[in-house]
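Structure first, then comments.
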Amino acid sequence: MAPLEQDALAVREQLFHERVRECIICALLFASLYILCHFIITHFKKHTDFTGVHDDEDAAVNRIALGLCTFTLAVALGAVLLLPFSIISNEVLLSFPQNYYIQWLNGSLVHGLWNLVFLFSNLSLVFLMPFAYFFTESEGFAGSKKVSGPVDVLPVPPISGSLLTSLPQGIMARVYETSVVLLLLTLLVLGMVWVASAIVGNDAASRQSLYDLWEYYLPYLYSCISLFGVLLLLLCTPFGLSTMFTVTGKLLVKPRLLEDLDEQLSCTRFEEAAVSRRI
């Protein structure tokens, strides 16, 4: 094999190993965030909402909604921690440029994390969170046949503890209803945006600009909702701080450094004399 071919093969092998390393690191980071968010949600959520028999329809719906909400919270937490992670990794690389064990904190990893967070943020914002809400509120279409009993896939009876146990009743009916409602809502929002864009622009380019959904409208929607969240944070933070200090002031015992002890003793003597006179 020629030296040039060996060098090209070595470069491709190095790129492959770097790509596999980045995928493993991203998977481990997301798994850690998912586990942390699962504990956070289950801590603040009522435990009775997730208890139930395995074939209970509401319990299965709650478990699916819990998984979607946990995924969304993990993505949001990753988006919050991504900027400090980028700054810290850059400072570490600048402090130890020759260290072999921290070379995985490179720009390719940070860039890949930014792309994944942006993708999953749009996915969670547009699809997962509305689907979780409509899925918990759905009841299935009228006349839909609910699945009950063991799955009739094999002629043998299902083994206890295996995957061939009874399915949750009406789950697929709820999935169908949620998908239809989410599709109708998406069409309604897109139609309103298209009409508003056509009214404001009043030209052919503005009417055709809706076709650039992935390149323009989703990032614009993400930026607008982020701006709304920042404005809401700026508006609610002073009220939250004032409420927190008010509650803390009611719970804590005020210090008695400036009180006169002689006056308290005189009041106590007068109260004792009044009680003795009544007796």
Side-chain angles (χ1 to χ4, degrees), residues 22-23 25-47 49-50 52 56-83 85 111-141 144 167-194 210 212-233:
E22 292 176 4
C23 292
I25 292 173
C26 293
L28 292 176
L29 289 176
F30 182 76
S32 303
L33 291 176
Y34 188 88
I35 294 172
L36 177 62
C37 294
H38 178 77
F39 285 125
I40 292 174
I41 291 180
T42 52
H43 176 73
F44 289 102
K45 189 68 175 177
K46 293 182 180 180
H47 185 67
D49 292 345
F50 303 108
D56 190 9
E57 180 181 343
D58 293 332
V61 170
N62 286 329
R63 285 194 296 269
I64 296 174
L66 174 65
L68 295 177
C69 294
T70 305
F71 181 84
T72 305
L73 182 59
V75 172
L77 188 59
V80 171
L81 298 178
L82 189 55
L83 182 59
F85 177 77
H111 185 70
L113 287 175
W114 277 101
N115 290 332
L116 290 176
V117 166
F118 183 75
L119 173 63
F120 288 131
S121 298
N122 288 321
L123 182 64
S124 303
L125 183 64
V126 178
F127 295 105
L128 295 184
M129 289 305 294
F131 185 86
Y133 173 74
F134 290 127
F135 189 59
T136 54
E137 297 294 331
S138 62
E139 297 180 356
F141 289 114
S144 59
L167 293 177
Q169 298 181 359
I171 294 298
M172 293 307 300
R174 286 192 168 193
V175 171
Y176 295 151
E177 180 184 357
T178 305
S179 302
V180 171
V181 172
L182 187 60
L183 178 61
L184 294 177
L185 179 63
T186 304
L187 294 177
L188 177 62
V189 173
L190 291 179
M192 293 174 63
V193 171
W194 202 341
L210 192 62
D212 300 330
L213 180 64
W214 181 260
E215 297 179 358
Y216 177 74
Y217 278 97
L218 288 182
Y220 181 72
L221 178 64
Y222 184 76
S223 302
C224 290
I225 294 180
S226 301
L227 178 61
F228 176 75
V230 171
L231 294 178
L232 186 63
L233 178 64

With sequence neighbours excluded, residues passing side chain to side chain donor-acceptor pair (under 3.5 Å) with E22 = S108
In a check of side-chain contact (heavy atoms from CB on, under 4.5 Å) between L184 and each of T186, V180, L188, which one passes?
->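 Considering T186, V180, L188, a side-chain contact (heavy atoms from CB on, under 4.5 Å) with L184 is found only for V180.
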To the nearest 0.5 Å, tell me how far [X] [atom1] sits from [Y] [atom2].
| X | Y | atom1 | atom2 | answer |
| --- | --- | --- | --- | --- |
| L119 | N115 | CG | CG | 8.5 Å |
| I40 | I35 | CD1 | CD1 | 12.0 Å |
| N122 | F118 | CG | CZ | 4.5 Å |

Indicate the ring-plane relationship of F131 and F135, choosing parallel, tilted or perpendicular according to the 30° and 60° boundaries.
->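 If you compare the ring of F131 with that of F135, the planes turn out parallel.
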Heavy-atom neighbours of F30 CZ exceed 12 at 6.0 Å |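 Above 12, so yes.
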Which pairs of donor and acceptor atoms, one on a side chain in residues 69-77, lie under 3.5 Å apart (sequence neighbours left out)?
unit_1 : atom_1 : unit_2 : atom_2 : d
T70    : OG1    : L66    : O      : 2.6
T72    : OG1    : L68    : O      : 2.9

Please report the closest heavy-atom contact between L113 and C26, naming both atoms and the distance.
->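 Minimum heavy-atom contact is CD2-SG, 3.4 Å.
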Closest heavy-atom pair and its distance - P130, S124 =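 Of all heavy-atom pairs spanning P130 and S124, the closest is CD-O, 4.1 Å.
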Show me, pair by pair, the donor-acceptor contacts under 3.5 angstrom made by side chains of residues 170-178, not counting sequence neighbours?
unit_1 : atom_1 : unit_2 : atom_2 : d
R174   : NE     : E57    : OE2    : 2.9
R174   : NE     : S138   : O      : 3.1
R174   : NH2    : D58    : OD1    : 3.3
R174   : NH2    : S138   : O      : 3.4
E177   : OE1    : E139   : N      : 3.1
E177   : OE1    : G140   : N      : 2.5
T178   : OG1    : S138   : OG     : 3.4
T178   : OG1    : R174   : O      : 2.7

